[in-house]
Amino acid sequence: MAGMRAVHKKNGTTFKYSGDLKETIEKAEKELKEKDGTTQWLFLKWQYDNARKAFEKYNRRLEDLKDFIKLAKEELAKREEAAGHGRDNTNP
């Protein structure tokens, strides 16, 4: 029985096969034709794109919240300081 597998490592990919090389090539070509552009591939691509977009949107919201809180606290401190000075000036 012919078959191949890929071993992915830091320094590259190593391919291993068993059985007859010609038969293994034919089997790999057949599998590629079956898998390339299938509805499963399209579905997985759709899931990937949506998950990536949702993840990016979620992280962007976290950053927006952090930035808003920082700026809002600075603005609140300014307003409180201005209100405090206003009271001090009216009540000597």
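Applying the salt bridge (charged side-chain N to carboxylate O under 4.0 Å, His left out) test to Arg60 and every residue at least two apart in sequence or in another chain returns nothing. Applying the salt bridge (charged side-chain N to carboxylate O under 4.0 Å, His left out) criterion to Glu75, with sequence neighbours excluded, gives Arg79. Listed by chain and number, the residues in a side chain to side chain contact (heavy atoms under 4.5 Å, CB included) with Lys53 amount to none (sequence neighbours excluded). Scored by the side-chain hydrogen bond (donor to acceptor under 3.5 Å, both in side chains) test, Asn59 finds no partners at all (sequence neighbours excluded).
With values rounded to the nearest 0.5 angstrom, Lys57 atom NZ is found 13.0 Å from Leu62 atom CG. Taking CD of Glu26 as the start and CG of Asp20 as the end, the distance is 8.0 Å to the nearest 0.5 Å. Separating the CZ atom in Arg52 from the CZ atom in Phe55 is a distance of 11.5 Å, to the nearest 0.5 Å.
Annotation for Glu56: atom CD counts as buried by contact number, over 12 foreign heavy atoms lying within 6.0 Å.
Within the structure, side-chain hydrogen bond (donor to acceptor under 3.5 Å, both in side chains) pairs that include any residue of residues 63-73 do not occur (at least two apart or interchain).
A salt bridge between Glu31 and Lys35 is present, with a side-chain N of the basic residue lying under 4.0 Å from a carboxylate O of the acidic one.
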List, one per line, each side-chain donor-acceptor pair under 3.5 Å for residues 3-17, sequence neighbours excluded.
residue : atom : partner : partner atom : Å
His8    : ND1  : Thr13   : OG1          : 3.2

